[in-house]
> 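Please find one structure pasted underneath; my questions will follow.
On a predicted model such as this, the values are computed, not experimentally measured, just so you know.
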Amino acid sequence: MKLDDVKKLHQKKYRGQFGFYLVEGEHLVLELVKAVRANAYSSAPSAESITLYITDDFEQKARALDSGFTLVNVTQKQMSQLSDTKTPQGIIACVPLPSSTAGATNTLEQVSDKHSNQALGHKDKQRYVYLHEVQDPGNLGTILRTLAWFDNFSLLLSPNSVDPFNSKVVRSSMGAIFHVPIELDVSLDALQTRFSRFAYLDMAGEAVTAPSFSDFDCYLFGNEARGVPKTALSAFNAKAYTIAGSGKIDSLNLASAVNMCVYELSR
């Protein structure tokens, strides 16, 4: 890929067009190397499909990684043009989008056998977290970190959600994005063809500490401001749960709420 095209990957439309996204910084690249070696998910890219752009200052470290990535040396000026940070670290990876997320038309059938209970080798079943029109990149990155920490979770994103492969989300995920299966543009209507038991959060619901909270296939979380549409909750016959608090404030941050629920499900 030409450097001029690589620069365009900071824009969502070009990520979709070229099928690549950028991973910047030493820590994130190290996490990427670990994920590729571990074949963290079924659509994980091969080492040969990843290009690593490095300045001379980073060449020795990059070669010591023995990542199998294609290495391309660039000048400091070129690195500054590729980077979206004020002080580039000198290392950026150009990574193929996972095959189950590339483009804007994803099918719900793209659930890999690798994530079946048998393939995972865990007694816990695979669970699905659905985010409806989440907008904040930091929230999404934090949620990805939690899902990766506890494992056995897949993330479903509705249309009109923030792109998980933009640089802010990738950075805030701290590498977790390489370890969590993600599906894009999953509509509320489509969920009914896939799941039969849904749970969501509501102030009037049963406590998430109740044993029944773990009985569901898909956990619904809404937009930071509007929540999940009530029409969909009614159509799904979704069960309401709540995170008990002091009552001094009206709501929790979305990422905090998801994190607490995932913790309860993983206990």
> Side chains of Glu24 and Ser83: do they bring a donor and an acceptor to under 3.5 Å?
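On atom types as modelled, these side chains qualify, holding a pair under 3.5 Å.
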> Less than 4.5 Å apart, any side-chain heavy atom of Leu157 and any of Val134?
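Heavy-atom side-chain distance check passes, below 4.5 Å.
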> Is the shortest side-chain heavy-atom distance between Leu254 and Ile143 below 4.5 Å?
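SC-SC contact between Leu254 and Ile143 confirmed.
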> Is any side-chain heavy atom of Leu140 closer than 4.5 Å to one of Leu155?
yes
> Could you tell me whether Phe58 and Tyr53 have their ring centroids closer than 6.0 angstrom?
no
> Do the non-hydrogen side-chain atoms of Thr209 and Glu264 ever get within less than 4.5 Å of each other?
yes
> Considering only heavy atoms from C-beta outward, does the side chain of Ser266 approach that of Phe153 to under 4.5 Å?
yes
> Between the main-chain N or O of Leu82 and the side-chain N or O of His10, is there a donor-acceptor pair closer than 3.5 Å?
yes
> I want to check something: taking the side chain as every heavy atom from C-beta on, are Val169 and Asp163 in contact at a cut-off of under 4.5 Å?
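The answer is no; the side chains never approach within 4.5 Å.
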> Let me know which of Thr85, Asn166, Asp84 forms a side-chain hydrogen bond (donor to acceptor under 3.5 Å, both in side chains) with Arg171.
Asp84
> Please give me the minimum heavy-atom distance between Gly141 and Ser172, naming the atom from each residue.
CA-OG, 3.2 Å
> Does a donor on one side chain sit under 3.5 Å from an acceptor on the other, for Tyr241 and Ser212?
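Short answer, yes.
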> To the nearest 0.5 Å, tell me how far Leu32 CG sits from Leu30 CG.
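It is 9.5 Å, given to the nearest 0.5 Å.
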> With a 4.5 Å heavy-atom cut-off, do Met174 and Glu31 have their side chains touching?
no
> In a check of side-chain contact (heavy atoms from CB on, under 4.5 Å) between Val23 and each of Ile50, Leu52, Leu28, which one passes?
Leu28
> Assign the ring pair His132 / Tyr130 to parallel, tilted or perpendicular, where the plane angle (0 to 90°) is split at 30° and 60°.
parallel
> Does NZ belonging to Lys168 count more than 12 external heavy atoms closer than 6.0 Å?
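No.
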> For Thr242 and Glu206: C-alpha separation, side-chain torsions, deciding distance, then whether side chain to side chain donor-acceptor pair (under 3.5 Å) applies.
CA-CA 6 Å; Thr242 191; Glu206 187 176 353; over 6 Å; no
> Does Gln89 form a side-chain contact (heavy atoms from CB on, under 4.5 Å) with Val29? I'd like the steps, not just the answer.
CA-CA 11 Å; Gln89 292 186 33; Val29 169; over 6 Å; no
> Under 3.5 Å, side-chain donor or acceptor atoms of residues 230-237 against the rest of the protein: list the pairs with distances, not counting sequence neighbours.
none

> So, do Leu252 and Ile243 sit near enough that their side-chain heavy atoms are less than 4.5 Å apart?
yes
> Run the salt-bridge test on Asp5 and Lys2 with the 4.0 Å N-O cut-off and return the result as yes or no.
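No.
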> Hey, can you tell me if Phe18 and Tyr14 have their rings parallel, tilted or perpendicular (30° and 60° cut-offs)?
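Ring orientation, 0 to 90° scale: parallel.
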> Could you tell me whether Met203 atom CE has more than 12 heavy atoms of other residues or ligands within 6.0 Å of it?
no
> What closest approach, in Å, do Gln135 and Asn160 show between heavy atoms, and which atom pair accounts for it?
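That closest heavy-atom pairing would be NE2-O, 2.7 Å.
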> Show, in sequence, the C-alpha distance, side-chain angles and deciding distance for Tyr200 and Phe216, and conclude whether the ring-ring contact (aromatic ring centres under 6.0 Å, His included) test is met.
CA-CA 10 Å; Tyr200 72 104; Phe216 299 88; 9.8 Å; no
